[in-house]
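Below is one structure; the comments refer to it alone.
These numbers come from a predicted model, not from an experiment. Convention: sequence-line order gives letters A, B, ...; per-chain numbering from 1.
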Number of protein chains: 2
Amino acid sequence: MSGMPRASPRSLPPPEDHAARFTQQREADRSAIAEDYVELIADLLQEEGEARAVDIARRMGVAQATVAATVARLQRDGLVETKPYRGLFLTPAGQAVASAARARHELVVRFLLAVGLDPETAEADAEGLEHHASEKALAAFARFLAKHEADPK
Amino acid sequence: MSGMPRASPRSLPPPEDHAARFTQQREADRSAIAEDYVELIADLLQEEGEARAVDIARRMGVAQATVAATVARLQRDGLVETKPYRGLFLTPAGQAVASAARARHELVVRFLLAVGLDPETAEADAEGLEHHASEKALAAFARFLAKHEADPK
DNA sequence: ACTATAATTTAGCAGACACTAAGTTTTGGA
DNA sequence: TCCAAAACTTAGTGTCTGCTAAATTATAGT
């Protein structure tokens, strides 16, 4: 295919290790939506004083019924509480998830900015990347920031 | 809530923009699995000469029946062809997806290494991150590498 | 050639997340 | 106070990605 000289051998990892990566991947995907909802609820609560299902729907780009169903799962999982017509609230567990998510989100955004992304894209990409960066990766990002924010360039 | 000084205002983006991010996010998620399969098939084809469903199953950490179902979708979408008991093959479209995926994957790995991750984690994280980095982000990673591979540190 | 083993497919099920359409509240303005 | 608009819920679907269990089918070793 094309003129490329086959890059690197990059021998495949042992099957078990390989599988472990994908399994881990699937787990991250599963929690990603929960984190997005919880994070958004926390933001709305803080910025607007209340987090209503309609607003979640509008901001997530999703139908209200979808929000209802997803929130039901979050409730089942002990992250969220609802007071009909009064909006959504986070349980302590939900708040923990939210603040962890926000910390990750902000770290990723700062990192992307430091690496040369425009603010707009940094924000948009962080939305996806924050769920797939391991603790080790986040630590590396933080180290990078520490080094580069002190001594730019 | 806790002693934190409220970090940054970080006023929420306009609802439409916000929704656009998540919608984009969901699209990336949808294509992620297809890309993973296609990428793995390409790797197996190249490294072992054939890509069989059993091996895919083992390496993806998934049941054989799941592979059969997913491959059926990839086939429906014109990315893969199968010759029973002879393994899986990529259509031209599949090959295109595979090489784009591989290019992204390798770029992300190199970038993560440059930023200080150990090779093990870089590989594992790339698996998740490669599907969520926009073209702009990838371009920024490439610029970063160009700068830092020439002039380390 | 036969047959045991391995590979693949089929069937049936579950759960998450999305949709539309059709109810139910609740709220708040006239 | 009443009632229309807004918010929320319920019902019924569909797709994707998984699973297990039970066929098939092909390959390969004897």
Less than 4.0 angstrom between a side-chain N/O of [X] and OP1 or OP2 of [N], yes or no?
X: B:T70; N: D:dT17; result: no
X: B:R73; N: D:dT15; result: no
X: A:T66; N: C:dC19; result: yes
X: B:R26; N: C:dA16; result: no
X: B:R76; N: D:dC16; result: yes

Among [options], the one nearest [X] by side-chain distance:
X: B:V62; options: C:dC17, D:dG18, C:dC19; result: D:dG18
X: B:A65; options: C:dA7, D:dA21, C:dC17; result: D:dA21
X: A:A68; options: D:dT9, C:dA11, C:dA16; result: D:dT9
X: B:I33; options: D:dC8, C:dC17, D:dT17; result: D:dT17

Hey, is the main chain of B:D125 close enough, under 3.5 Å, to the side chain of A:S134 for a donor-acceptor pair? no

Whole Å only: how far is the CD1 atom of A:I56 from the P atom of D:dA7? 13 Å

In whole Å, what is the span from the CD atom of A:Q64 to the C1' atom of C:dT25? 13 Å

If you assign each of B:Y85 and B:A63 to its closest nucleotide in DNA chain D, which residue comes earlier from the 5' end? B:A63

